[in-house]
Structures are given as structure tokens and as C-alpha cells.
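Since the structure comes first, as C-alpha cells, the remarks are kept for the end.
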Amino acid sequence: MSSALDQLKQLTTVVADTGDFAAIAKYKPTDATTNPSLIYAASQMPAYKNLVDAAVKYAKDNASTPEDQLELALDRLAVNFGIEILKEVPGRVSTEVDARLSYDLEGSLAKAHRYIKMYEDAGISKDRVLIKLAATWEGIKACEILEKEGIHCNMTLIFNFAQAVACAEVGATLISPFVGRIFDYYKKQDGVEGYSKLEDPGVKSVTSIYNYYKKHGYNTIVMGASFRNTDQIEGLAGVDFLTISPGLLEKLQNSDAKLEKYLSVEHAQAQDIPKIHVTEPYYRWALNEDAMSTLKLSEGIRNFGKDTVKLEDEIKKLM
């Protein structure tokens, strides 16, 4: 019998959530996603020291002040990882804008343009790159501009339905709603050990977004992310994409559980789902009214920012 992972690949596009090329090569996903935390973790592995050293050399050769060299080394390292990942996947890699720019529209645009130029200078088409932005209002506006320029975006740290709708309305290529972090919040609030597969709050959130998109004809890809267990993954079988950590990919590969397709375009289109329009006031009020989303969005940005600072500290030692 086919493994659960092989079955899942028949229902959903599987993406590897890692910066570790060996893991990507092992599980053969279509795409790969990275973030500052994953890049920091991978950069600590001896196998990838050459990428760090190359980024530092590039920065020293192309920037003059210590501040500019540090920023350029960080950017180059993110792209170096992306270039290597693209040797292992047939599809795209997501490269994340510095989390500290999450409320800076112009800064986010400048960073995205720098990433794309670096990729293109390495002979990689912008069509193989997703610029990853936090789904703050400023991030969503940056996405709108970039998508009009033909630069594809992955909108991340999605916890709230209004975030997801706003991203679709500006034409985002892909969104990453965070199943596991929603689960963490409600598990603690409800004082429970867990939930059944289809009653998991994170699974329900992604399902509602998927159904809304398919009902109203949005082309934005829904990619479930941040999983705590394989039940959450299996409960979203049929969603467009799932980005999965190596540990959970291993569990799926070693499982022969029979998967059921829970999400489909046909089922979504048969539902009665009213269409809404998300303005900036609507967006901000929706997050204000949602304690979980407000907490998890700010927490996610802070934590990605902390790991970026850790990476900066490591690079400073080499400058």
C-alpha cells in the first residue's frame, strides 16, 4: 500500500518547510519554504558553512560600511540558500523579507527587489521565487505592488479570515495560514490535550479560507503551514498546498494510513458563502476583535525578528 505521504502527493502539492537540502532531496517535494528561523538553524550546520562564508565575502566585496555589509550578507545568505534549494525542487522557493520590515512598506519593496535582482543575477527567473511577507496591512499593500510588477508573493503569518481575504483581493500568489499556532492558542485556552482531526481550530480556519477562495473564484493558492501533528495535515487533504517539516514528512512516509480527501473545489462551490470586501479599517478592526490573531501575528513577527538578530550576531563574527 502507498505511504500516507505518497497518497497526500496525489491530493495536494507537498512543500518542504526547511532550509536543509538533504531533507529536501530525501522527500522530493515540489516547492520549499524558508523563514529566518529555518535559515538560522541551517546556517549552524557545518555542511552549509560554505554558503555563510560566500555571503560574507559577497558583502565585503559589494558594500563599504559595516552596517551595509551586515545587511547585504544577510540578504545574500537568504538567496544563497534559495539558489541551492532550487537545485533540489522543480518548483519554487519562498524567501522571506526581514521581519523587522513588517510595518515598512517601502523597506519591504526595496528588500523584495534586491532579492529578485540577486536571483536573476544568478540566472534564476523571478517566476521560481516567492517573496515571503508577513500579512500586516503594510505587507499586503507591498504584495499588491509586487504582484503588479510580476513578482510573486507568499503572504505568511495568516491567522485571521480578514487577512486571507485581503491577500486574495490584492492578487497574492499564495498565502500561508498557520495551523499549528492557532492550535497552540486554543489548546491552552480550552485546557485540552488536542482535538479531533476536523475539529482542530487550525484545520477549521484553513478550510474556511479554502472554501471562500474556491467559492468566489480567487486564484490565490492556500498553503497550510505550521503543523503540530499528522492529523492536522491529513485533515487538510485536498487543499492546494501543504508545507511540512522534515519530521512530519518522515512520519507520513512511514505511515500506511489511508487518506481521505476532505477539501475540494466542488464542495466549496456548493456552499452558501457571502462575499466580503476588506478595507484597511475592516482589516484592523477584525484583528482587534480577534485576540488569537493579534497575539500570534505580533508574536510571529517578534520571533522571526529575534532569529534574524541571532543570525546577524553570527555573521558579525565573520565580518
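What you see below is based on every heavy atom in this structure, not just the backbone, and it leaves out hydrogens, waters and symmetry mates.
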Quick note, salt bridge (charged side-chain N to carboxylate O under 4.0 Å, His left out) partners involving residues 181-190, not counting sequence neighbours, are D184-R228
Pairs flagged by salt bridge (charged side-chain N to carboxylate O under 4.0 Å, His left out) wherever residues 47-69 is involved - sequence neighbours left out:
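Every salt bridge (charged side-chain N to carboxylate O under 4.0 Å, His left out) pair that includes a residue of residues 47-69, provided the two are not neighbours, is K49-D53, K57-D61.
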Residues L249, T18; criterion side-chain contact (heavy atoms from CB on, under 4.5 Å); working and verdict:
CA-CA 11 Å; L249 286 170; T18 181; over 6 Å; no
Distance in Å, [X] [atom1] paired with [Y] [atom2], rounded so as to fall on 0.5 Å steps:
| X | Y | atom1 | atom2 | answer |
| --- | --- | --- | --- | --- |
| L77 | I315 | CG | CD1 | 5.0 Å |
| N62 | L72 | CG | CG | 6.0 Å |
| Q253 | K26 | CD | NZ | 6.5 Å |
| T34 | D20 | OG1 | CG | 12.5 Å |
| R114 | L109 | CZ | CG | 14.0 Å |
| I85 | I24 | CD1 | CD1 | 4.0 Å |

Donor-acceptor contact present, side-chain [X] to main-chain [Y], <3.5 Å:
| X | Y | answer |
| --- | --- | --- |
| Y48 | F21 | yes |
| R128 | G91 | yes |
| S205 | P201 | no |
| N254 | E250 | yes |
| T220 | A172 | yes |
| K132 | T156 | no |
| S293 | L287 | no |
| Q232 | G202 | no |
| T12 | G238 | yes |

Side-chain heavy atoms of [X] within contact of [Y], under 4.5 Å:
| X | Y | value |
| --- | --- | --- |
| L252 | K9 | no |
| L311 | S43 | yes |
| K197 | E260 | no |
| E234 | Q7 | no |
| K296 | Y185 | yes |
| V203 | L236 | yes |
| I175 | I209 | yes |
| I158 | F178 | no |

Would you say [Y] ends up clustered with [X] if hydrophobic residues are merged whenever their side chains have heavy atoms under 4.5 Å apart, either directly or through other cluster members?
| X | Y | result |
| --- | --- | --- |
| V93 | L38 | no |
| M118 | I151 | yes |
| I39 | V309 | no |

Does the side-chain contact (heavy atoms from CB on, under 4.5 Å) test come out yes or no for E199 and K204, once each step is laid out?
CA-CA 7 Å; E199 291 303 313; K204 290 170 74 173; 3.5 Å; yes
Would Q163 and M155 count as a side-chain contact (heavy atoms from CB on, under 4.5 Å) if you check the C-alpha gap in whole Å, the side-chain angles of each, and the deciding distance to 0.1 Å?
CA-CA 9 Å; Q163 285 180 291; M155 301 306 294; over 6 Å; no
Salt bridge present between D240 and K214 (N-O < 4.0 angstrom):
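Between K214 and D240 there is a salt bridge, with a charged N closer than 4.0 Å to a carboxylate O.
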Answer yes if the side chains of [X] and [Y] hold a donor-acceptor pair under 3.5 Å, and no otherwise.
| X | Y | value |
| --- | --- | --- |
| S176 | N154 | yes |
| T13 | T30 | no |
| S245 | D17 | no |

Stepwise, does the side-chain contact (heavy atoms from CB on, under 4.5 Å) test hold for S255 with T230?
CA-CA 10 Å; S255 168; T230 55; over 6 Å; no
With [X] via side chain to side chain donor-acceptor pair (under 3.5 Å) - residues at least two apart:
| X | value |
| --- | --- |
| D121 | K117 |
| N288 | none |
| E84 | K87 |

Would you name the heavy atoms of R76 and I83 that are closest together and state the gap between them?
NH2-CD1, 4.1 Å
May I have all residue pairs that pass side-chain hydrogen bond (donor to acceptor under 3.5 Å, both in side chains) and include part of residues 304-319, sequence neighbours excluded?
S37-D307, R100-E312, D307-K310, E314-K317
Side chains of residues 136-143: which donor-acceptor pairs under 3.5 Å do they make with residues two or more places apart or in other chains?
unit_1, atom_1, unit_2, atom_2, d
T136, OG1, S102, O, 2.5
T136, OG1, G139, N, 2.9
W137, NE1, E280, OE1, 3.4
E138, OE2, R284, NH2, 3.3
K141, NZ, E144, OE1, 2.8

Checking one residue: L174. Which other hydrophobic residues are in its cluster under the side-chain 4.5 Å linking rule?
V15, L130, I221, M223, F241
Tracing side-chain contacts under 4.5 Å among Ile, Leu, Val, Met, Phe, Trp and Tyr outward from W285 reaches none
Once ring-ring contact (aromatic ring centres under 6.0 Å, His included) is applied, what residue pairs with a partner in residues 109-134 remain, sequence neighbours excluded?
none
Qualifying ring-ring contact (aromatic ring centres under 6.0 Å, His included) pairs with a residue from residues 196-230, counting only residues at least two apart or across chains
F161-Y212, Y212-H216, Y213-Y218
Name each donor-acceptor pair under 3.5 Å that joins a side chain in residues 261-275 to protein atoms two or more places apart or in another chain, with its distance.
unit_1, atom_1, unit_2, atom_2, d
S264, OG, H267, N, 3.1
H267, NE2, Q271, NE2, 3.2

